[in-house]
Amino acid sequence: MPRLYSVEDILSNIEFELAQGLVARDELGEAVQAVRQFQNKTRAEVFRSLRLTDGHREFISRQFQVNDMLLNLLYEMIRVMQTLQLEIHKLQQLPEDILRPVYIPPDETPANSGALSGLSTPLELSERLTAGLEWRSTEEIEYAMRPEAIRIESYTQPSRWPVIGWLLTKLKNLFQRPALFYTQLFSDRQAAVNLVLGDRILYLENVVREQQRQIRAFSAQFESQTGAGSENEGVGEAS
Amino acid sequence: MTFSVIVNTVGRAKPLRTLLQALEHQSYLHFEVVVVVGPTHDNTLDVLSEYEGRVRVLRCPVINLSRSRNIGLLAARGDVVAFIDDDAVPCQRWLEQYARLFEDPTLDGCGGAVWAAHPKFSLLQFRLGVYSSLAEQIDVRSSWVDNIKHSGLGTQWVARIPGGNAAFRRQGLLDVNGFDEFYEFVAEEADLTLRMVNAGKNIYPVKEAVIYHFPASGPNRVVFTNKGRWWMRSRSRIYLAIKHGQLVGDSAWAITHSSLMSLWVHLVWYGRLFRDREMHLPNLLFMLTKEMLGGLDALIHGLFMPCGIIKREVAEAARSISEPILKFKNDKSMNQSSVDPVSGYIPNISISEPSLRLCLLSSTYPPSQYGGIARLTNLMARGLFELGHTVHVVTRGEREEVSFYDGAYVHKIPNHLERYAQYRNYPNLFATLNYSHNVYEKVQRLKINDGIQIVDSPFWQYEGLVTLKSGIVPVVVRLVTGLRQITAIHKQQVDEFRLMGDLEQSFLEQAHYLLPNTQATYNAMHKVYDLSSANDRFAVVPYGIVSAPEDQVRPFEPKPGDDQRLTVLFVGRLEKRKGILDLFAAIPQVLKRFPNIRFVIAGGDNSQSDGFKLKTGMDYPAYFASRYSKYLPSVEFKGMVSEEALQLLYQSCDLFVAPSLYESFGLVYLEAMNYAKPVIGCLAGGIPEVVDHGVTGTLVEPETPKALADAIVSFLLSPSKMREMGLAGRQQILERFNYLQMARNFERVYRQVIHASSTQSQ
């Protein structure tokens, strides 16, 4: 027999959806999927239509792998960001007397971060969520965003044949030129992709850092309030 | 932070007046308005003279948008310069949104969304977009990265910013020496953006800071026609592609290809216009010549003489300007009336309190639909606009768009069924919950951009429920018939309807204020819903309509002799609740006494929904034809009729009858009374509060066909009674049931609720 819903169920669903709405709409997630599709399509086209040398083939495969990794990273960060936003929203729903503004300097972890029994603090949660994500230096991402990071030059091993060696080397060079042209074309496009991805990652990284800071501030407040309360109770009992 | 709002205008006095009137309502206070007037022959300067001492007026000797923009920039004194088209209207919090964005010290420029809101041309013109060094333009709908799917030739792509809704830090703009004056029209903002980005400036568009665009004719184009200086577009694009393509290293082939495409697209278009005889040969030749000359001009300038920007020393001088801005807003700004941006009409009313920004909900709305709630909401919007308020209506549509119609910005939203999947098995509940959520999302945007202060929702299908739960803005509820009432009448016991009825109850309990249209409505609802907590938060607001012009009012004129063929009109859905079966039963009794009488029945058949067809196997007209076939020649079933046809029916009838078993109000009686027609209704619901028994009509007990027939006969026997009661009804419309009077009553409640909410939040 199907379950009978009550109006309370619906009202709590509305609240849930409203809370979900406070988390940014998943445009970024959709966009990442779009990039994935684009990348898969391009990968198929590149390997099907271009006569690539082994070196170029390897280079392009590696680049696609890097893209995959970046996309995964991006997707994970979006997920983390959204979860953190939801946590912030939940904290904002707590009674106002529990959350009074307390200044916590950026990136400063409160000394007392112990969890209350049966309740995981938001700080713990955020750390758990970000546990798999290593914070890399931004220079690395910024470097990857530059077009020259993936630009490749023609390289031909000089021929050791006497007399006509120079001619063979030149012919080899000439033979590589069409493939190089398409590879450069591809790498130009790839540079644009990297630029966008890198930009988004840097942005998300900042957002996540800021959110973590906020959560730390909230946690510190929460703990100082609840901690103070339990101490008072203890004093009362003793007296 | 101070703003200089720069308006560049040529020969568009009317839209300019509308824009200036709209700027009075800006929530942000610290801004000046600089109007740069091109060579104009209309009354632009007269309009501006009305704002003497509040608006700085400058002249531009030529029709050149970039030069006009530069003149405004050099004279600006604000920290940020904001450009807006002269045929647009900003949202109320336009500058406030920009001010919020420019708090970020790294931001140098941004542009907001543009909605074309003309009834003839309504669409989202711009939200996000990108532009390339080869003048390729792509609009982005969801997010930045989805743009990657497109393949363009240009090497450099930058965020696109709409020239008609853009704001830049003044110093940043002067750093790149303003706009390139080669662009007389089109692409000047794209060129600027490319140069700013190349100079290391931070620029991005945003979805907020909305403007509503009402395209008007000017020297560059005649709106809604094919006439315009279109060669300016290709000229600008070719110049941009050559200038920036070279700069960023686009290949010569790509630049040539892009330039030729700009020309080719226009040539193909002209060819089609010529083929379809929308363009004559001399005009075609003229346009082709202009295209070629424009292209050549762009080529020469692009290759050899680029950058007609502000001279460095002039920019330096402007940079050092530190005079205070000339504030546009004054003490009277708050009490300025709203303006109709399409016609330029400003209600002639003096407002003692600040005008309000209101949001009315109605899932159906004219001109596409004229249901009861749709019609009422439309009348409320018209009345509230006439009282000087800014009204937004949120209604359902195929796609998201906005247009200004009959005094209100009508925002259409599609009903995306994305949420509440667990209720899929309850299709009505599922659809209504999703719609309510979609409404909430729109309301959220309207609050951010247009600063709406209150939402007025009809009770039916609890459109405002999610908004109410969100708490972002107070919600008042117009009480009309609820689902629980209808299911009680039809004795429908379905789990889905039980849940929807419970939701209605919750909606009533939490609403900030309840607005029944009659005391009877309130009492009737009290029987079905628990309104015990609503005693101190409800007010009866009777509905009102627009009085018909005197020359259309036709009081009954008795003619000598018995051969006058009178018409009795019924208007309403053909369903049991509307008393159609009682009328059917009364018709033979009347026709036996007066065989010459004609009955006209207007309204769609609803036998499927009310279960009549299931029971009898027939719809209502077929039922009448089979049961009373003898009288069929005297009865005409019109079915659903258009609004115009309906008004003609009211106008031409002699007696109006609507024996509804229940009506929360009964707008149909007012519509008949509007044309001085006597009415017959039932002693049920709110009808006695609308129809004054013995004065404007006759009321009978519901479901009494005999009494109904007697009442009709009684009128037919007394022509003078018909005339007197008809005229008394007309008088009631003029004095009591007027849409302006109704709007005043709503306004009173809105002010009270807004005041209470703001006090509470403090």
Side-chain angles (χ1 to χ4, degrees), chain A residues 1-22 24-42 45 67 70-71 74-75 78 93 147 181 184-186 188-201 203 206, chain B residues 128 130 132 140-157 159 204 207 248-251 418-423 425-426 429-430 432-434 436-438 440-441 444 462 465-472 495-496 498-507 509-510:
Chain A
M1 189 180 162
R3 187 198 155 193
L4 283 181
Y5 291 104
S6 70
V7 71
E8 285 73 27
D9 291 329
I10 301 175
L11 293 175
S12 70
N13 285 142
I14 292 175
E15 276 177 19
F16 172 77
E17 291 292 346
L18 284 169
Q20 289 294 304
L22 291 174
R25 282 180 71 91
D26 197 15
E27 289 175 351
L28 283 170
E30 284 172 24
V32 170
Q33 293 304 335
V35 178
R36 254 191 233 283
Q37 279 176 0
F38 169 78
Q39 148 129 330
N40 292 337
K41 200 175 131 209
T42 313
E45 280 171 7
N67 283 353
L70 283 172
L71 285 168
L74 193 60
Y75 203 75
I78 291 164
Q93 301 304 308
F181 171 79
Q184 295 292 18
L185 197 70
F186 167 74
D188 284 349
R189 299 268 171 87
Q190 188 56 53
V193 176
N194 289 356
L195 198 67
V196 178
L197 289 176
D199 183 51
R200 291 291 94 181
I201 288 173
Y203 167 74
N206 283 334
Chain B
L128 299 172
V130 285
S132 86
V140 183
R141 292 295 169 204
S142 63
S143 165
W144 281 120
V145 253
D146 64 4
N147 176 58
I148 288 171
K149 280 183 281 185
H150 295 275
S151 57
L153 296 169
T155 302
Q156 187 183 17
W157 288 82
Y204 54 81
K207 292 179 183 175
V248 299
D250 283 320
S251 68
E418 291 172 343
R419 300 183 175 82
Y420 307 105
Q422 59 271 53
Y423 305 113
N425 292 333
Y426 296 141
L429 177 65
F430 178 59
T432 50
L433 272 179
N434 271 291
S436 183
H437 207 106
N438 289 318
Y440 153 74
E441 287 188 334
Q444 216 179 7
Y462 39 79
L465 177 66
V466 178
T467 307
L468 179 63
K469 287 290 291 177
S470 74
I472 58 169
D495 193 42
E496 180 180 23
R498 172 190 63 81
L499 276 173
M500 290 172 78
D502 290 351
L503 272 185
E504 288 180 333
Q505 175 69 52
S506 171
F507 194 33
E509 281 168 8
Q510 294 179 41

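Since we're looking at a predicted model, the values are computed, not measured.
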**Study point:** Structural part of B/Ser506 lying under 4.5 Å from a heavy atom of chain A
**Key:** side chain
**Study point:** Nearest-0.5 Å distance, CZ of residue B/Arg498 to OG of residue A/Ser6
**Key:** 7.5 Å
Revision key, fill the gap. Value for CG (B/Asn425) from OH (A/Tyr5), rounded to nearest 0.5 Å, stands at 7.5 Å
Point to revise | Interatomic spacing from CG in B/Leu503 to CD1 in A/Ile10 - rounded to 0.5 Å | key: 4.5 Å
Review point. Roughly how far, to the nearest 0.5 Å, is CD1 of A/Ile14 from CZ of B/Arg419?
Key: 11.5 Å
Check your understanding: Do B/Tyr423 and A/Asn13 pass the side chain to side chain contact (heavy atoms under 4.5 Å, CB included) test, and can you show the C-alpha distance, the side-chain angles, and the key distance before you say yes or no?
Key -> CA-CA 10 Å; B/Tyr423 305 113; A/Asn13 285 142; 2.3 Å; yes
Point to revise | chain A contact via B/Gln505 - which portion, at a heavy-atom distance below 4.5 Å | key: neither
